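For reference, the structure is listed below as structure tokens.
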Amino acid sequence: MRYLRVGVQAGRLPPLVERLAPREREIAAIVHHRIECSAEEIRAATATPISNSAVRTILGRLAIKGVVRRRRIGRKFVYSPATPSNGMLEAAFERLAQDYFEGSLRDMAKTLLAFLDHGQAGAAGEIGRRLSDPRHG
């Protein structure tokens, strides 16, 4: 299936997406992989040619099903996943760890746990220190 070629691995998409018909699943997988994209970008990324109106029709159905969200930017709409996939969450955690914890997910988790366990005093200072560090600006 083409949806595996766009960089989203099987099992990394939300269950709702996995259960879609093949063409809907392909388009939903493209949106999940790109995080935010236009109908034209989706059309260009499909495995086989598809018309612009067909892409928009499928995107409309996916929005009704709660798979994607649509918002207007200027004169066009952009689409994004309605629910994050595991891969999206992992990428966000890794990016946050890289930006503020020198790539250490363990340090990030320890700081978050300290924040939750001991209130905001100690952990908030640590988080504030890391966020104000010029290397992370």
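This one's a predicted model, so the numbers in the text were calculated from it and none came from an experiment. Computation of the quantities below employed the complete heavy-atom set of this structure, encompassing side-chain atoms and omitting hydrogens, waters and symmetry-equivalent molecules.
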Evaluate R23 against I58 for side chain to side chain contact (heavy atoms under 4.5 Å, CB included), listing each step before the verdict. CA-CA 8 Å; R23 192 59 133 175; I58 292 170; 3.6 Å; yes
Beyond-backbone contact of [X] with [Y], side-chain heavy atoms, under 4.5 angstrom:
X    : Y   : value
P22  : R25 : yes
L59  : R70 : no
E41  : V78 : no
I50  : I27 : yes
M108 : L96 : yes

Applying side-chain contact (heavy atoms from CB on, under 4.5 Å) between L62 and each of L20, T57, V31, report the one that passes. L20
Which pair of heavy atoms, one from [X] and one from [Y], lies closest together, and at what distance?
X   : Y   : result
V68 : Y79 : CG2-CD2, 4.3 Å
K76 : S38 : NZ-CB, 4.2 Å
N52 : A39 : OD1-CB, 4.3 Å
I35 : S80 : O-CB, 3.1 Å
A47 : E26 : N-OE2, 2.7 Å
E36 : I73 : OE1-CD1, 4.3 Å

Is H33 reaching over with its side chain to a backbone N or O of A29, donor-acceptor style, under 3.5 angstrom? no
Sequence neighbours left out, what passes salt bridge (Lys or Arg N to Asp or Glu O under 4.0 Å) with R61? Give chain and number order. E24
In Å and rounded to the nearest 0.5 Å, what is the OG1 to CZ distance from T111 to R106? 12.5 Å
I'd like to know whether R34 forms a side chain to side chain contact (heavy atoms under 4.5 Å, CB included) with I42, so could you lay out the CA-CA distance, the side-chain angles of the two residues, the decisive distance to 0.1 Å, and finally the verdict. CA-CA 9 Å; R34 295 183 178 216; I42 294 165; 5.9 Å; no
